[in-house]
Protein chains: 2
Amino acid sequence: MTQSTEDLLELDQQVCFALAVASRNVIALYRPILEPLGLTHPQYLVMLALWGKAPLRFGEVAELLRLDPATLSPLVKRLEQSGLIERHPVEGDERTFELVPTESGRALREQALGVPPAVIEQLGMPIDRLVALRDELTAVIDATDPVK
Amino acid sequence: MTQSTEDLLELDQQVCFALAVASRNVIALYRPILEPLGLTHPQYLVMLALWGKAPLRFGEVAELLRLDPATLSPLVKRLEQSGLIERHPVEGDERTFELVPTESGRALREQALGVPPAVIEQLGMPIDRLVALRDELTAVIDATDPVK
DNA sequence: ACATATTCGTTTGTGCACAAACAAGATAGG
DNA sequence: CCTATCTTGTTTGTGCACAAACGAATATGT
């Protein structure tokens with residue numbers, strides 16, 4: 001099946017625009033659900049990482065979440081200020097530090113358990129659609145990841 | 001095939017995170033390509049809209065690109081300041097205005113023709129993958145679009 | 001040991017996303 | 001009319017994304 005150059009250009013526009021809109025829309029879906037927890041979506045991702053495994057170094061969190069250190073730095077500061085995490089020195093390297101949830105940070109996990117089901121319900125998409133989407137997104141990320 | 005609740009929750013995380021990362025990565029792909037044109041990606045989308053059909057009212061552009069007026073307002077101001085577009089009054093409604101590319105805005109279109117092929121090439125993904133992705137993204141947008 | 005280079009996080013500046021409050025023009029009801 | 005309501009874009013404030021410059025600590029090479 002032959003495909004004209006115009007088709008490709010058109011498709012390209014649609015894919016990139018659709019990607020941006022879908023991303024914003026889904027994050028907007030999280031917003032009212034995360035609001036009672038006092039978290040933004042990026043902050044929620046950091047807490048998820050630390051609930052899964054702590055301590056993590058600053059740089060490890062940045063790499064896991066594909067966040068620029070310049071973005072993560074003030075974000076961490078806000079989570080500290082909210083009393084959800086704290087930083088501890090790393091033995092033998094004064095440049096970096098480890099992050100761990102505080103007591104109230106760990107307590108917040110209980111509330112956070114309700115987040116994913118709420119999002120899934122709001123999305124209302126069949127599971128196979130989500131699986132297909134994840135696979136395509138993974139391909140895009142592999143094709144574009146600046147990390148190698 | 002049975003699917004546990006944990007799987008669903010896990011999948012949710014993966015989809016939303018992958019969506020955010022893929023969106024940022026693809027926009028980052030555009031960045032060096034758009035840089036010679038002096039455009040950011042959202043600005044490029046506005047120019048695309050106006051190259052396709054002008055004049056367009058402020059509100060029409062906002063709706064087309066799914067941009068909040070509060071986001072579009074300063075963005076338009078920057079495009080005016082770059083001399084790429086200008087606003088014209090609308091007969092019979094003093095609240096709004098129309099946007100049209102200036103002469104140099106129209107001239108920029110020639111350079112912009114090279115953008116999509118460059119992006120496609122950098123992406124290096126087979127077309128059927130892109131088609132599948134677009135279809136899945138469309139489903140997500142339909143499921144989440146706040147505009148009904 | 002010491003100079004050089006690299007790693008690591010922070011700071012500053014610009015632009016985008018979004019909520020909330022706002023202001024001015026248009027519309028509808030009485 | 002003329003007042004209340006709705007539309008439309010702007011402004012302000014917060015947070016995120018990213019580039020560039022920076023400073024401090026560590027690693028490397030000789």
Side-chain angles (χ1 to χ4, degrees), chain A residues 16-17 19-32 34-35 37-46 56-63 65-82 87-99 144 146-147, chain B residues 16-17 19-32 34-35 37-46 56-63 65-82 87-99 144 146-147:
Chain A
C16 182
F17 177 60
L19 205 43
V21 173
S23 175
R24 284 183 312 193
N25 280 6
V26 172
I27 291 178
L29 214 63
Y30 275 84
R31 199 164 296 122
L34 289 177
E35 193 270 343
L37 311 201
L39 293 175
T40 67
H41 186 258
Q43 289 168 8
Y44 169 68
L45 293 180
V46 170
L56 287 174
R57 294 189 181 194
F58 179 92
E60 291 174 325
V61 175
E63 187 180 2
L65 303 185
R66 303 287 201 280
L67 283 178
D68 193 291
T71 299
L72 185 57
S73 187
L75 199 161
V76 161
K77 210 170 290 182
R78 281 185 283 270
L79 285 176
E80 284 181 279
Q81 200 166 351
S82 302
R87 59 179 77 194
H88 295 309
V90 168
E91 188 100 7
D93 194 339
E94 307 267 334
R95 292 171 301 180
T96 186
F97 51 87
E98 290 176 336
L99 292 173
T144 58
V147 182
Chain B
C16 182
F17 177 60
L19 204 43
V21 173
S23 175
R24 282 184 313 195
N25 280 6
V26 172
I27 289 178
L29 213 64
Y30 275 82
R31 208 181 317 276
L34 289 177
E35 194 270 342
L37 311 202
L39 292 176
T40 66
H41 186 259
Q43 288 168 9
Y44 169 67
L45 293 181
V46 170
L56 287 173
R57 295 190 181 194
F58 179 92
E60 291 175 325
V61 176
E63 187 180 3
L65 304 185
R66 303 288 200 279
L67 282 178
D68 192 293
T71 298
L72 185 57
S73 187
L75 199 161
V76 161
K77 209 170 291 182
R78 282 185 282 271
L79 285 176
E80 285 181 278
Q81 200 166 351
S82 302
R87 59 179 77 194
H88 294 310
V90 168
E91 187 101 7
D93 194 339
E94 307 268 333
R95 291 171 303 180
T96 186
F97 51 85
E98 290 176 336
L99 293 173
T144 58
V147 183

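So you know, we letter chains A, B, ... as the sequences are listed, proteins then strands, and number each from 1.
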Rounded to whole angstroms, how far apart are CD1 on B:Ile27 and P on D:dA19? 12 Å
Between CG of A:Leu65 and P of C:dG9 the distance, given in whole Å, is 14 Å
Under 4.0 angstrom between B:Ser73 side-chain N/O and D:dG9 OP1 or OP2: no
To the nearest angstrom, the CG-C1' distance between A:Leu72 and D:dC18 comes to 14 Å
Rounded to whole angstroms, how far apart are CG on A:Asp93 and C1' on C:dT7? 9 Å
What orientation do B:Tyr44 and B:Tyr30 show, parallel under 30°, tilted 30 to 60°, or perpendicular over 60°? tilted
For a 4.5 angstrom cut-off between non-hydrogen side-chain atoms, does A:Leu37 reach A:Gln43? no
For B:Thr40, report the nucleic acid contact type (base, sugar-phosphate, nothing); a contact means any heavy atom under 4.0 Å. sugar-phosphate
B:Ile27 versus B:Thr40: any side-chain heavy-atom pair under 4.5 Å? no
Taking only side-chain nitrogens and oxygens of A:Arg31, does any of them come within less than 4.0 Å of OP1 or OP2 of C:dA19? yes
Which nucleotide wins on minimum distance to the side chain of A:Glu94, given the candidates D:dA20, C:dA19, D:dA25? D:dA25
Looking at the base of D:dT7, is there any donor atom on it, or on the side chain of B:Arg95, that sits under 3.5 Å from an acceptor on the other one? yes
Return the CG to CZ distance between A:Asp68 and A:Arg66, rounded to the nearest 0.5 Å. 13.5 Å
B:Leu72 CG to B:Phe58 CZ distance, which is reported to the nearest 0.5 Å: 4.0 Å
Side-chain atoms of A:Asp68 come closest, of C:dA17, D:dC18, C:dA26, to D:dC18
Starting the side chain at C-beta, find the nucleotide from D:dG9, D:dA19, D:dG15 nearest to B:Phe97. D:dG9
Quick check: on DNA chain C, is the nucleotide nearest A:Ala28 upstream (toward 5') of the one nearest A:Thr71, or the reverse? Name the residue that is more 5'. A:Thr71
Sugar-phosphate only, base, or nothing, as touched by B:Leu67 at under 4.0 Å among non-hydrogen atoms: sugar-phosphate
Nearest-Å distance for atom pair NZ/P, residues A:Lys77 and D:dG15: 13 Å
Would you say B:Arg24 reaches D:dA17's phosphate, i.e. side-chain N/O to OP1/OP2 under 4.0 Å? yes
Please work out if A:Leu75 contacts a base, only the sugar-phosphate, or nothing of the nucleic acid, heavy-atom cut-off 4.0 Å. sugar-phosphate
Can you check the B:Glu35 CD to D:dC18 C1' distance for me, whole Å? 14 Å
Between C1' of D:dT8 and CD of B:Glu63, the distance in whole Å: 13 Å
Phosphate OP1/OP2 of C:dT7 contacted by A:Arg57 side-chain N/O (<4.0 Å): no
If you measure from CG on B:Leu99 to CD on B:Glu80, what distance do you get to the nearest 0.5 Å? 7.0 Å
Assign B:Pro69 to base, sugar-phosphate, or nothing according to its heavy-atom contacts below 4.0 angstrom with the strands shown. base
Whole angstroms only, please: what is the NE2-C1' distance between B:His41 and C:dT14? 18 Å
Quick check on D:dG9: is either OP1 or OP2 less than 4.0 Å from any side-chain nitrogen or oxygen of B:Thr96? yes
